[in-house]
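These notes are about the structure you will find just below.
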Amino acid sequence: MSDLKLHNTLSKSKEGFVALDPAHVRIYVCGPTVYDRAHIGNARPVIVFDVLVRLLRRLYPRVTYVRNITDVDDKINAKAKASGRPIAEITAETTKLFHEDMALLGALPPDIEPRATAHIAQMIAMIQSLIEQGHAYEAEGHVLFHVASMADYGKLSGRSRDEMIAGARVEVAPYKKDAADFVLWKPSTDDLPGWDSPWGRGRPGWHIECSAMSREYLGESFDIHGGGQDLIFPHHENEIAQSECCNHAPFARFWLHNGFLKVGGEKMSKSIGNILSVHQLLGEAPGEAIRFAVLSAHYRQPLDWTDEGLKAAKSALDRLYRALETAPKARAAANVPETVLAALMDDLNTPLAISHLHEVASALNKASDQSEKDRLAGELLAAGALMGLLQNDPKGWLQGAGNEGVSEIEALIEQRIAAKKAKDFALADRIRDDLKAKGILLEDGPGGTSWRKL
RNA sequence: GGCGCGGUGGCGGAGUGGUUACGCAGCGGUCUGCAAAACCGCGUACGCCGGUUCAAUUCCGGCCCGUGCCUCCA
């Protein structure tokens, strides 16, 4: 029944999605390395794949969504050294903050969130198997994957081994048999985190954790693997190499990659100093507005993050919530509007889906019959739920979360109504202007005067 | 150098071989004491040059511009 189409990086084209097991769809998404607070670029895949998982759950009876936490990494080690804080403290705190930030963006937690450090044994087992099968070798305490041992290496990124070597910018470590070989395991000094292994005390390379943990929770073959575009090479390419050479089974069937996020036309980077943390943005706009802004562009397109874009997202949500406010008793319909569903089924076309949200809102605004309004609001709520939007109380959204000053505002509205009755429009307008200066906008409707925050 | 992505009206941003995207901003109108909101109407965009075609923003080729990746960055 599913007409879901997804762009598969493996084929570089949109394909009809066919579940390996229609009774149980399995998806893995690369999660954060927990050494610093999440920035808006980290949030993009979380939001995008959250929508995908919500959609899959509507289409299939069972979905298992795995997103890992990388808690062993040289950036974490560097952070610990620089700050003097224990690694475990840094990773635990960063993980907690990540959860908080993502929850505020309306992203549901994954079903399973494995931590790399809790799966070292599985990684070691996989590395051993690769050595036994002739795909990996030990050299000076390192274990390296031998790229030449895999006939179809490079199928995801579309690079030949020779091209990679020709383009490499880093010096090749002397213990590598081949410049393209990559690390599965590396030795740790006493001051670095390490685990006992057949090759001495050490820690895993970057790619092996995803191979080991996806196999543990989703099996050797699963449906979808997602992440940021920059992970295509080397990370995902190497995951494929490790998993397929170890398991002799196709790894992920579909590879989905979200585009990059830019800030003011430039790449976000520490050197430019334009990293925008989610936490910081949450101080400027509600999480739902940030989510809406992210979904305003197609996930594979580059997204240029600007203040104007964030404001536009907030305005668009205001409009949708205003429409919902006219049908306060409406409840989410059982079915999502066909237009919205079709847009999402077409490779997660969220901008198109949002345009259909606006169309439903327009119809809602135009409807004169309350039961028709309720019906349309129900559709809007159902569509919003599928995208993780519009689940707030409309009145609460429009008037702001806090309740401070509400009684004062209401008293002034009463005064103004009395002034209007007495035809004292000068006073009525002054009250309205004073409130507007404080960011409170009054609107006279057929049902009386209402207010909202600007 | 290799591989890839993008250039759509004032802005954001979909999409299509010939017919309205959508939202914001703007203009005119309805409503209103006046506003706001809502509704109605308006603006005739697809980087450049060729080619294919009855017809191209949409397909093909070239060019220009921007941008991403090329061993640990979502």
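Lettering follows sequence order; numbering is per chain, from 1.
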Quick one: [X] [atom1] to [N] [atom2], roughly how many Å, whole number?
X	N	atom1	atom2	answer
A:Lys12	B:G4	NZ	P	6 Å
A:Asp230	B:G68	CG	P	12 Å
A:Leu276	B:A74	CG	C1'	14 Å
A:His358	B:G23	NE2	P	7 Å
A:Ile208	B:C72	CD1	P	18 Å
A:Glu359	B:C22	CD	P	6 Å
A:His257	B:G68	NE2	P	18 Å
A:Lys262	B:U67	NZ	C1'	6 Å

Using the [atom1] atom in both, what is the distance from [N] to [M], to the nearest Å?
N	M	atom1	result
B:C11	B:U53	C1'	35 Å
B:G29	B:G50	P	44 Å
B:G62	B:C3	P	13 Å
B:C24	B:C40	P	12 Å
B:A45	B:C54	C1'	25 Å
B:G4	B:G9	P	28 Å
B:G47	B:G43	C1'	22 Å
B:C69	B:G10	C1'	34 Å

Determine whether the side chains of [X] and [Y] contain a donor N or O and an acceptor N or O closer than 3.5 Å.
X	Y	value
A:Glu239	A:Tyr28	no
A:Tyr153	A:Asn238	yes
A:Asp304	A:Thr306	no
A:Gln370	A:Asp374	yes

Within the sub-3.5 Å range, which N or O atoms of nucleotides 10-16 of chain B have a protein N or O partner, and how far apart are they?
| residue | atom | partner | partner atom | Å |
| --- | --- | --- | --- | --- |
| B:A14 | OP1 | A:His298 | N | 2.8 |
| B:A14 | O3' | A:Asn349 | ND2 | 3.1 |
| B:G15 | OP1 | A:Asn349 | ND2 | 3.2 |

Residues which pass salt bridge (charged side-chain N to carboxylate O under 4.0 Å, His left out) with A:Asp347, listed by chain and number, not counting sequence neighbours: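 Checked A:Asp347 against salt bridge (charged side-chain N to carboxylate O under 4.0 Å, His left out); matches are A:Arg300.
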In terms of side-chain geometry, is the basic nitrogen of [X] or [Y] positioned less than 4.0 Å from the acidic oxygen of its partner?
X	Y	result
A:Lys176	A:Asp181	no
A:Arg375	A:Asp369	no
A:Lys314	A:Asp318	yes

Side chain of A:Ser355, heavy atoms from C-beta onward: which of B:G23, B:C22, B:C72 has the nearest atom to it? B:C22
Whichever of A:Ile354 and A:Pro32 has its nearest RNA chain B nucleotide further upstream toward 5': A:Ile354
Taking the nucleotide of RNA chain B with the nearest heavy atom to each, does A:Asn258 or A:Asn238 sit closer to the 5' end?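 With A:Asn258 and A:Asn238 compared, the 5'-side residue is A:Asn238.
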By the 4.0 Å heavy-atom rule, please label A:Leu357 as base, sugar-phosphate, or nothing. nothing
Heavy atoms only, 4.0 Å cut-off, all strands: where does A:Lys186 land among base, sugar-phosphate and nothing? base
Could you go through nucleotides 32-39 of chain B and list every protein N or O atom that sits under 3.5 Å from one of its N or O atoms, giving the distance for each pair?
| residue | atom | partner | partner atom | Å |
| --- | --- | --- | --- | --- |
| B:G33 | O6 | A:Arg416 | NH2 | 3.4 |
| B:G33 | N1 | A:Asp429 | OD1 | 2.9 |
| B:G33 | N2 | A:Asp429 | OD1 | 3.4 |
| B:G33 | N2 | A:Asp429 | OD2 | 2.6 |
| B:C34 | O2 | A:Arg432 | NH2 | 2.4 |
| B:C34 | N3 | A:Arg432 | NH1 | 2.8 |
| B:C34 | N3 | A:Arg432 | NH2 | 3.2 |
| B:C34 | N4 | A:Asp444 | OD2 | 3.2 |
| B:A35 | N6 | A:Asp444 | O | 3.0 |
| B:A35 | N1 | A:Asp444 | N | 3.0 |
| B:A35 | N3 | A:Arg432 | NH1 | 3.0 |
| B:A36 | O2' | A:Glu443 | OE2 | 3.2 |
| B:A36 | N1 | A:Asp444 | O | 3.1 |
| B:A37 | O4' | A:Glu443 | OE2 | 3.3 |
| B:A37 | O3' | A:Arg322 | NE | 3.2 |
| B:A38 | O3' | A:Asn365 | ND2 | 3.3 |
| B:C39 | OP1 | A:Asn365 | ND2 | 3.4 |

To the nearest 0.5 Å, how far apart are CZ in A:Phe254 and CD1 in A:Ile224? 7.5 Å
Could you note down all residue pairs passing salt bridge (Lys or Arg N to Asp or Glu O under 4.0 Å) where residues 135-157 of chain A supplies at least one of them, sequence neighbours left out?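 Checked against salt bridge (Lys or Arg N to Asp or Glu O under 4.0 Å) - neighbours excluded - the pairs reaching residues 135-157 of chain A are A:Asp152-A:Lys155, A:Lys155-A:Glu244.
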Could you name each residue pair satisfying salt bridge (Lys or Arg N to Asp or Glu O under 4.0 Å) that touches residues 426-435 of chain A, not counting sequence neighbours? A:Asp429-A:Arg432
Given Watson-Crick or G-U pairs with both distances under 3.5 Å, what dot-bracket string fits RNA chain B, with | for other-strand pairs and [ ] for crossing? (((((((..(((.....[...))).(((((.......)))))....(((((..]....))))))))))))....
Apply the test ring pair (Phe, Tyr, Trp, His ring centres under 6.0 Å) to residues A:Phe251 and A:Phe222: give CA-CA distance (whole Å), side-chain angles for both, the deciding distance (0.1 Å), then the verdict. CA-CA 7 Å; A:Phe251 193 41; A:Phe222 54 95; 5.2 Å; yes
Taking NZ in A:Lys96 as the centre, count heavy atoms belonging to other residues, nucleotides or ligands within less than 6.0 Å. Is the count above 12? no
